[in-house]
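Contents: one structure, followed by commentary.
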Amino acid sequence: MIAQLPLRGAGREPVLLARDRYARVELLGSAVSERSRAHLLAQLRHMFRLGEDLSAFYAVAREDEELAWAAAGAGRMLRSPTVFEDVVKTICTTNCAWSGTVRMVSALVDHLGPPAPSGEHAFPTAAAIADAGDAFFRDVARAGYRGPYLRTLAASVASGELDLEQLNDPQLPDDEVEQRLLALPGVGPYAAAHVMLTSLGRYSRLVLDSWTRPTYARLVGRKSSDKTIERRFRRYGDFAGLAFWLLLTRAWVPDDAV
DNA sequence: CGTCCAGGTCTAC
DNA sequence: GGTAGACCTGGACGC
């Protein structure tokens with residue numbers, strides 16, 4: 001074990017489970033340098049959002065019969081090490097079945113990602129994706145029309161012309177971040193909202209797609225327009241998207257965790 | 001076998 | 001600003 005990372009930022013709230021006050025990090029293989037260790041810990045803090053403060057969300061959720069359970073510490077979603085990785089993965093979720101997303105992302109990792117000592121591969125660099133040939137996107141990833149989106153995006157990041165990691169800057173307003181995301185190839189309203197929610201810690205936008213709409217309809221017992229759904233979550237302000245997501249995924253949470 | 005659609009986006013009106 | 005059509009892929013479904 002190289003560290004015990006305290007889970008802070010949730011105010012006085014327990015973090016999901018009382019026993020999970022620490023994330024235990026074990027390193028397989030040879031020792032790492034102090035520099036690598038620091039980098040690894042910083043990356044883990046980012047991925048697990050250990051600094052996230054959701055207490056303002058919990059304060060509202062506690063008053064909402066359907067979401068009071070979440071106030072026990074839900075909503076700290078795992079994210080990728082980089083915004084670039086989450087944007088690429090999100091593009092791979094658009095207009096296809098989940099099996100297609102898995103196929104495309106697995107191909108990127110297995111064929112373009114740097115190998116680790118374990119034999120597994122990490123997510124590829126932007127340069128590696130930018131340099132992949134047409135045959136990879138067409139015959140291996142079978143990404144279809146998304147191939148050019150992915151390569152164009154990766155080339156912009158690899159060249160330094162585009163820095164997606166800047167979107168982590170808390171100074172940027174949500175509207176600005178959304179506009180920058182919408183400007184990316186293959187990123188529309190769904191993908192922008194998805195990246196904001198799952199990668200940027202910006203919870204204001206509702207992720208509305210062919211899974212969330214019918215899932216919400218099933219939970220409330222009738223279909224609702226997007227406007228109606230937005231209205232139901234307006235009380236959550238900047239946490240509307242998180243509230244919507246948690247309501248939809250309540251069934252994913254083990255009963256003993258809430 | 002053809003049609004539809006799955007965690008949409010883009011372009012052209 | 002809103003809306004039709006096209007778009008890769010593959011699995012489900014009806015015929």
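In what follows, chains are A, B, ... by sequence order, proteins preceding strands, each numbered from 1.
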Inter-nucleotide [atom1] distance ([N], [M]), Å rounded:
N       : M       : atom1 : answer
dG7(B)  : dT3(C)  : C1'   : 22 Å
dA6(C)  : dC4(B)  : P     : 13 Å
dC8(C)  : dC1(B)  : P     : 22 Å
dC10(B) : dG10(C) : P     : 22 Å

Using a heavy-atom cut-off of 4.0 Å to chain A, what are the terminal contacting nucleotides of DNA chain B, in 5' to 3' order?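 Using the under 4.0 Å cut-off, the span is dA6(B) to dC10(B).
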Could you tell me how the ring of [X] sits relative to the ring of [Y]: parallel (under 30°), tilted (30 to 60°) or perpendicular (over 60°)?
X         : Y         : value
Trp245(A) : His194(A) : perpendicular
Phe136(A) : His111(A) : tilted
Trp211(A) : Trp252(A) : tilted

Looking at [X] and [Y], what are the two nearest heavy atoms and their distance?
X         : Y         : answer
Phe244(A) : Val207(A) : CE2-O, 3.2 Å
Trp69(A)  : Leu246(A) : CZ2-O, 3.4 Å
Leu208(A) : Arg213(A) : CB-NH2, 3.6 Å
Arg205(A) : Asp174(A) : NH1-CB, 3.4 Å
Leu67(A)  : Ala243(A) : CD1-O, 3.5 Å

One pair to check against salt bridge (charged side-chain N to carboxylate O under 4.0 Å, His left out): Asp64(A) and Arg232(A). What are the steps and the verdict? CA-CA 11 Å; Asp64(A) 185 342; Arg232(A) 186 256 183 267; 3.1 Å; yes
Any donor-acceptor N or O pair under 3.5 Å, side chains Thr228(A), Ser225(A):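 Yes.
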Donor on one side chain, acceptor on other, Lys89(A) and Thr101(A), under 3.5 Å: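 No - no donor-acceptor pair under 3.5 Å links their side chains.
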Would you please enumerate the stems DNA chain B participates in, each stem being three or more consecutive Watson-Crick or G-U wobble pairs with both distances under 3.5 Å?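 Paired runs of 3+ in DNA chain B: B:1-6 with C:9-14, B:8-13 with C:2-7.
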Quick check on the hydrophobic clustering: are Leu197(A) and Val87(A) connected, directly or via other members, by side-chain heavy-atom contacts under 4.5 Å?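 No, no single cluster joins them.
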Output a table of donor-acceptor pairs, distance under 3.5 Å, between side-chain atoms of residues 120-130 of chain A and any protein atom two or more places apart or on a different chain; print 'none' if there are none.
unit_1	atom_1	unit_2	atom_2	d
His121(A)	ND1	Gly113(A)	O	2.8
Thr125(A)	OG1	Ala128(A)	N	3.0

Reading 5' to 3' through nucleotides 6-12 of chain C, protein heavy-atom contacts under 4.0 Å coded B for base, S for sugar-phosphate only, - for none: -SBSS--
Is there a residue in residues 203-224 of chain A whose heavy atoms reach under 4.0 Å of DNA chain B, and which residues are they?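 Only Asp209(A), Ser210(A), Trp211(A) qualify.
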Selection: residues 173-200 of chain A, any non-hydrogen atom under 4.0 Å of DNA chain B: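 Here the set is Leu184(A), Pro185(A), Gly186(A), Val187(A), Gly188(A), Pro189(A), Tyr190(A), Ala191(A), His194(A).
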Evaluate the criterion salt bridge (charged side-chain N to carboxylate O under 4.0 Å, His left out) for residue pair Asp134(A) and Arg151(A); output intermediate values, then yes/no. CA-CA 9 Å; Asp134(A) 290 336; Arg151(A) 178 153 50 200; 2.2 Å; yes
Aromatic ring proximity Tyr203(A)/Phe57(A), centre distance under 6.0 Å: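 So the answer is no for these two rings.
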